[in-house]
Amino acid sequence: MARVTVSVIQFGGSNCDRDAVRALDEIGVDAELVWHEDGLPAATSGVVFPGGFSYGDYLRAGAMAARSPIVEEVRDAAADGTPVLGVCNGAQIGSESGLTPGAFTTNRSARFQCEHVHLRVENADTPWTAAYDEGEVIELPIAHGEGRFEIADDRLEELEREDRILFRYCDADGEVTEDANPNGSKHNVAGVLGDRDSVAVLMPHPERAALPDIGPTDGQGVLEGFAE
């Protein structure tokens, strides 16, 4: 596997940063924690915005972190082709910063939800999904209160035409149903691409399903996108 150095960006309130480093290490990808005020290291060849509750989710989840100067550096790096992955709160940061389309808002249940969900791979022709087959069903955990994906209808149609939807919430048989949608996300969308396929966000946690000593490893394939 190619050696890359992934910067896992820490904000006040991040709490999945060390999980991301350990999960990347498990698959042979070098990763380091980077405090947001220290700026993006020159050796960075990949970026993770991890889960957590940056700035206590004040205003909106991810809104304050998205205005940290390091995010502008990440935008510039992404424009040059550096792979960027946002997970949960990191997905909210990605959408708030304009790296990816749409927005994540309060769950339909209006409460925090922590459970395992099934996802159907919608596009296997990306770095983040190359380890899977199109239509394959994987299982990942969620842990969020503002995970409902919202986007204008015409914009969603554009994403679908451009194959920029990575995952949809589904049942164990791969059926995309309302009952399988844990948070009310539009069209069951769980993860999307930015303007290029090297930038992606998703609400479920692949880093929490990557260590064989503590459970299933369905999330490893997403993280292998940094090597891809």
Do Asp171 side-chain atoms and Asp173 backbone N/O form a donor-acceptor pair below 3.5 Å?
yes
Among pairs that include at least one residue of residues 111-134, which meet ring pair (Phe, Tyr, Trp, His ring centres under 6.0 Å), considering only residues two or more places apart or in two chains?
Trp128-Phe226
Connected to Leu211, directly or through other members, by ILVMFWY side-chain contacts below 4.5 Å are Ile214
So, Thr5 versus Asp30: side-chain donor-acceptor pair below 3.5 Å or not?
no
Determine whether Val192 and Pro101 make a side-chain contact, defined as any pair of heavy atoms from C-beta on separated by less than 4.5 Å.
yes
Quick one: are Val74 and Val84 in side-chain contact, heavy atoms under 4.5 Å?
yes
Least distance between heavy atoms, Gly52 atom then Asn15 atom:
CA-OD1, 3.1 Å
With sequence neighbours left out, the residues meeting ring-ring contact (aromatic ring centres under 6.0 Å, His included) with Phe104 are Phe149
Looking at residues at least two apart in the chain, or sitting in another chain, which of them share a salt bridge (charged side-chain N to carboxylate O under 4.0 Å, His left out) with Arg18?
none
Heavy-atom pair of closest approach, residues Ala20 and Val8:
CB-CG1, 4.2 Å
Suppose we screen for salt bridge (charged side-chain N to carboxylate O under 4.0 Å, His left out). Which residues come up paired with Glu160, at least two apart in sequence or across chains?
Arg168
I need the full list of side-chain hydrogen bond (donor to acceptor under 3.5 Å, both in side chains) pairs touching residues 96-105, with sequence neighbours left out, sorted by first then second residue.
Arg60-Glu96
Between atom NZ of Lys186 and atom CZ of Arg155, what is the distance when rounded to the nearest 0.5 Å?
12.5 Å
Taking NZ, NE, NH1 and NH2 as the nitrogens, is one of them in Glu146 or Arg148 under 4.0 Å from a carboxylate oxygen of the other?
no
Hey, does Glu32 have a side-chain heavy atom less than 4.5 Å from the side chain of Ser7?
yes
Does any part of the side chain of Pro206, heavy atoms only, come nearer than 4.5 Å to the side chain of Val87, both counted from C-beta?
yes
Under a 3.5 Å distance rule, please check whether Gln220 uses its side chain to pair with a backbone N or O of Ala210 as donor and acceptor.
yes
Roughly how far apart are Thr129 OG1 and Leu193 CG, rounded to 0.5 Å?
7.5 Å
Listed by chain and number, what are the salt bridge (charged side-chain N to carboxylate O under 4.0 Å, His left out) partners of Glu178, not counting sequence neighbours?
Arg108
Please tell me if the side chains of Val47 and Leu85 come closer than 4.5 Å, counting only heavy atoms from C-beta onward.
no
Any link between Val199 and Val48 through a network of hydrophobic side chains (Ile, Leu, Val, Met, Phe, Trp, Tyr) touching at under 4.5 Å?
no
Write down the atom of Val71, the atom of Ala65, and the distance for their closest heavy-atom approach.
CG2-O, 3.3 Å
Would a hydrophobic clustering, with Ile, Leu, Val, Met, Phe, Trp and Tyr connected at side-chain separations under 4.5 Å, put Val137 with Phe167?
no
Do you reckon Ile138 sits in the same ILVMFWY cluster as Val176, going by side-chain contacts under 4.5 Å, direct or chained?
no
Any ring pair (Phe, Tyr, Trp, His ring centres under 6.0 Å) involving residues 38-85? Give me the pairs, sequence neighbours left out, ordered by first then second residue.
none
Among Asn183, Asn181, Asp179, Thr177, exactly one meets side chain to side chain donor-acceptor pair (under 3.5 Å) together with Tyr169. Which residue is that?
Asn183
Considering only heavy atoms from C-beta outward, does the side chain of Val189 approach that of Leu156 to under 4.5 Å?
yes
Any salt bridge between Asp154 and Arg161, counting N to O under 4.0 Å?
no
Nearest-0.5 Å distance that lies between atom CD in Glu224 and atom CG in Leu24:
10.5 Å
Hey, does Leu140 have a side-chain heavy atom less than 4.5 Å from the side chain of Arg208?
no
Check: Ser95 and Val201 side chains under 4.5 Å, non-hydrogen atoms
no
Considering all heavy atoms, the nearest Leu40-Ala77 contact:
CD2-CB, 4.1 Å
Take Cys114 and Ile142, measure what side-chain contact (heavy atoms from CB on, under 4.5 Å) needs, and give me the verdict at the end.
CA-CA 5 Å; Cys114 184; Ile142 60 169; over 6 Å; no
Please determine if Arg164 and Asp195 form a salt bridge, counting it only when a charged side-chain N lies under 4.0 Å from a carboxylate O.
yes
Honestly curious: do Ile151 and Leu99 fall in one hydrophobic cluster under the side-chain, below-4.5 Å linking rule?
no
Residue pairs passing the ring pair (Phe, Tyr, Trp, His ring centres under 6.0 Å) test with at least one member in residues 10-29, sequence neighbours excluded, are Phe11-His36
Among pairs that include at least one residue of residues 172-216, which meet ring pair (Phe, Tyr, Trp, His ring centres under 6.0 Å), considering only residues two or more places apart or in two chains?
none
Once you round to the nearest 0.5 Å, how far does CZ of Arg22 lie from CG of Asp17?
14.0 Å
Transitive ILVMFWY side-chain link Val121 to Val222, under 4.5 Å
yes
Would you check if the side chain of Asp197 reaches a backbone N or O of Thr126 as a donor-acceptor pair within less than 3.5 Å?
no
With rounding to the nearest 0.5 Å, note down the distance linking CD1 in Ile70 to CG in Asp38.
8.0 Å
Under the rule for salt bridge (charged side-chain N to carboxylate O under 4.0 Å, His left out), what residues qualify as partners of Arg196, not counting sequence neighbours?
none
Considering only residues two or more places apart or on different chains, which pairs with a residue in residues 72-83 satisfy salt bridge (charged side-chain N to carboxylate O under 4.0 Å, His left out)?
Glu72-Arg75
Separation of Gln92 CD from Cys88 SG (nearest 0.5 Å)
5.5 Å
Which pair of non-hydrogen atoms, one from Glu122 and one from Ile165, has the smallest distance, and what is that distance?
CB-O, 3.2 Å
Heavy atoms only: give me the nearest Ile93-Ala66 pair and the separation to one decimal.
O-CB, 4.0 Å
